[in-house]
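Hydrogens, waters and symmetry mates play no part in the numbers below; they use all other heavy atoms, side chains included. All residue numbers refer to positions in the sequence shown, counting from 1.
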Amino acid sequence: MGKFIESKQKGICLQTKKSINIGDSVFYFPGRGMFCIESQIYQEHLKNGAYSENTEPDSREDIVDIFAE
């Protein structure tokens, strides 16, 4: 399961391929990588977080498609 963190290292967003700097807010999937604030994954998790009761969570299949590239 992913979580929102401040990046502790430089990297590249898996979805947008944009640079991530130390201290940037990212959505992190352990063992997979980071997603920057401009990415759809970050924005969907932000919208669908614990604050919304009427949305269905992302399925694992939706996430796997991104990693297949």
Legend entry - Test of ring centre spacing under 6.0 Å for Phe35 and Tyr42: no

Inset, instruction - Calculate, to the nearest 0.5 Å, the distance between atoms OG and CD1 belonging to Ser25 and Ile20 respectively. - result: 10.0 Å

Legend entry - Side chain proximity check, Ser7 to Met34, heavy atoms < 4.5 angstrom: yes

Legend entry - Phe29 reachable from Ile5 in the ILVMFWY side-chain graph, under 4.5 Å edges: no

Legend entry - Residue pair Gly2 / Pro30: nearest heavy atoms and the distance that separates them: CA-CD, 4.4 Å

Legend entry - Residue list, side chain to side chain donor-acceptor pair (under 3.5 Å) with Tyr28, at least two apart or on another chain: none

Legend entry - Gap separating the SG atom of Cys36 from the NZ atom of Lys17, nearest 0.5 angstrom: 10.5 Å

Legend entry - Cluster overlap Ile37 with Val26, hydrophobic side-chain contacts below 4.5 Å: no

Legend entry - Contacts of type side chain to side chain donor-acceptor pair (under 3.5 Å), residue Thr16, not counting sequence neighbours: none

Inset, instruction - Consider only side-chain heavy atoms of I, L, V, M, F, W and Y, link residues closer than 4.5 Å, and tell whether Phe4 and Leu14 are in one cluster. - result: yes

Legend entry - Backbone of Gln40 reached by a side-chain donor or acceptor of Gln15 within 3.5 Å: yes

Legend entry - Partners meeting side chain to side chain contact (heavy atoms under 4.5 Å, CB included) with Lys10 (sequence neighbours left out): Asn21, Ile22

Legend entry - For the student: nearest non-hydrogen atoms of Asp24 and Ser19, plus distance: OD2-O, 4.5 Å

